[in-house]
Amino acid sequence: MPTATLPKFINVSILDFSDPEDRKKMESAIKKMKSEMGKEYPIIIGGEEVFLDKKFGSYNPSHKHEVVGIFQKADKEAAEKAMQAALKAFETWKFTPAEERAEYLLKVSELMKKKRFELDAVMVLEEGKNWIEADGDLCEAIDFLEYYARQIIEIDKGVPLTEYAPEDNKAAYIPLGVGIVIPPWNFPNAILTGMTSSALAAGNTVILKPASDAPWIATKVMELFSEAGIPSGVLNLVTGPGSVAGNYLVEHPKTRFISFTGSMEVGKGIYAKAGKVVPGQIWLKRAVIEMGGKDAIIVDSETDITNAADGVATSAFGFQGQKCSACSRCIVVEDVYDEFVEKLKKRVEKITTGDVADHDNWMGPVINEASFKKAMEYIEIGKKEGKLLNGGEGDDSEGYFIKPTVFIDIESQSQLGQEEIFAPVLAVIKAKDYDDAIRIANDTIYGLTGAVYTDNEEKIEKAIREFHVGNLYFNRKCTAAFVGIHPFGGFNMSGTDSKTGAPGHLLLFMQMKMWSRKK
Ligand code: NAP
Ligand code: MG
């Protein structure tokens, strides 16, 4: 589609699978992708498929012995080749008109729409997403492609400057160079596609190092970019441990910027390394670092408690609590504490857990063995720090399943009150009153998402002023941010607040050049 006639951006609607046709399509896509499991996939450097000596497997967390695919374990040598390919491609890509770059994104969007059910099925099998979560992930990926395509066309229109009679002055945003894109495994299509397409749209070339728990979906997205005809070397895919190829590229003198989303621990390390100027480096690397959360929902007395319990359960246990935006602290004012706890218990009891290839299971497994063990350790800690209300059990005999777990009477400064668990474990904290609830909500090093359930306007105003998070919601869940509607990114140790899906996001990957001529 010619970019000049692009319709206004609108978000893709998520399927709810109530339509029997959609259910049938999804069932056959899962069957098809299951039949493709176990294949080996190359890394892509300068448009070439590359196979290496060392490989690793990606597994189905619902059936832990099922290998979904075999991938290449990139070493430093492969990473260096990817850097050379990306540097070479930058010399032409940086002068490719913005409209043309946008067209590639739009082509990928079209291809992704065509492959919708297959890609959804990959995320069911590789990441243990239930059908709706998988489709939500895919819709967000499409939204990013469409949104950033339009944004780069806007940015390309130029920079308005103040008139100055003796001179003719102009300014334009130009790309930075080679970017290293390091996404997490939990939104393996959405975040990966968003981070990749933003860097590319801005005119940079990219080395994409996907998470080791999600190389299958990363490879499938890479295939779409190749099918869309993205020139060789503009996007390179390098799978393998972050600590090897990822780290090598972060430290590389020719790396111009790093776009990272993941844990605070890894993010802090990358930020520090990005700040170190190494021999041969002639710029300061830019680092966009988005990290974890310990997100709180406040339940006030002036609200519908049943509705609040529903929102808290969905926010805490959607995708097994493995969202940076997941509610992991629920702060309830004393007056309604007992009533809320009772309603939450009943609501959580309704949650079904099991293999998500079966649409009837709302909650699936956690991603891997390490994650399962970590969550089970936190459950033991929770038993000491508070009172178990729901769940508390895990079963890893077939997949990494943990029952939705709620602890009540948790202190804010306890481990369960402070540390990101990234699993279906919720801490409920009692507050004396609303002011105390706001204080507790801010009593964390993070500042990503938060929500407040209250009908009181003054309390809403107070939260807008004082609840210090990047994404604040009222009377709704604290998960599910839509591109363009809810710009996403957090404060404090949740990251650099890059606000994805927001106006101006692409400027993070660009620099302004101005030129002035005497008239
Ligand atoms: P992670 O363990 O930090 O990994 C993120 C990425 O960094 C992966 O691709 C990983 O590769 C790579 N990596 C690891 N060590 C590295 C190193 N030394 N150098 C370069 N790259 C390295 O995070 P995750 O488990 O994938 O994702 C979950 C975390 O992401 C949670 O903390 C969650 O809150 C956060 N998250 C934040 C947002 C947000 O928008 N703020 C969104 C989603 C998720 P390997 O997999 O090969 O180790
Ligand atoms: Mg990890």
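Basis for what follows: all heavy atoms, side chains included, without hydrogens, waters or symmetry-related copies. In listed order, ligands and their atoms are each counted from 1. Count residues from 1 along the sequence.
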Taking N or O atoms only and a 3.5 Å limit, does [X] qualify as a polar contact for ligand 1?
{"X": "P183", "value": "yes"}
{"X": "M291", "value": "yes"}
{"X": "S212", "value": "yes"}
{"X": "W185", "value": "yes"}
{"X": "C324", "value": "no"}
{"X": "E420", "value": "yes"}
{"X": "S263", "value": "yes"}
{"X": "G262", "value": "yes"}
{"X": "K209", "value": "yes"}

Report the part of [X] in contact with ligand 1, treating N, CA, C, O as backbone and CB onward as side chain, heavy atoms under 4.0 Å; options are side chain, backbone, both, neither.
{"X": "T500", "answer": "neither"}
{"X": "V266", "answer": "side chain"}
{"X": "A211", "answer": "both"}

Any donor-acceptor N or O pair under 3.5 Å, side chains [X], [Y]:
{"X": "E398", "Y": "H63", "result": "yes"}
{"X": "H252", "Y": "E80", "result": "yes"}
{"X": "Q418", "Y": "K294", "result": "no"}

(message) Working note: D443 + S412, criterion side chain to side chain donor-acceptor pair (under 3.5 Å); need CA distance, chi angles, decisive distance, verdict.
(response) CA-CA 7 Å; D443 181 29; S412 174; 2.6 Å; yes
(message) On a heavy-atom basis, which atom in G392 and which in I379 lie closest, and how many Å separate them?
(response)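 Looks like O-CG2, 3.6 Å.
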(request) Determine, using heavy atoms of G490 and all atoms of ligand 1, whether some pair is separated by less than 4.0 Å. (result)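 Distance cut 4.0 Å: G490 fails for ligand 1.
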(message) Within the structure, is a non-hydrogen atom of G495 found at a distance of less than 4.0 Å from ligand 1?
(response)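 For ligand 1, residue contact (heavy atoms, under 4.0 Å) with G495 is absent.
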Cationic N near anionic O, under 4.0 Å, [X] to [Y]:
{"X": "K54", "Y": "D75", "result": "no"}
{"X": "E227", "Y": "K115", "result": "yes"}
{"X": "K129", "Y": "D137", "result": "yes"}

(request) For this output row, return yes or no: ring centroids of F319 and W362 closer than 6.0 angstrom. (result)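 So the answer is no for these two rings.
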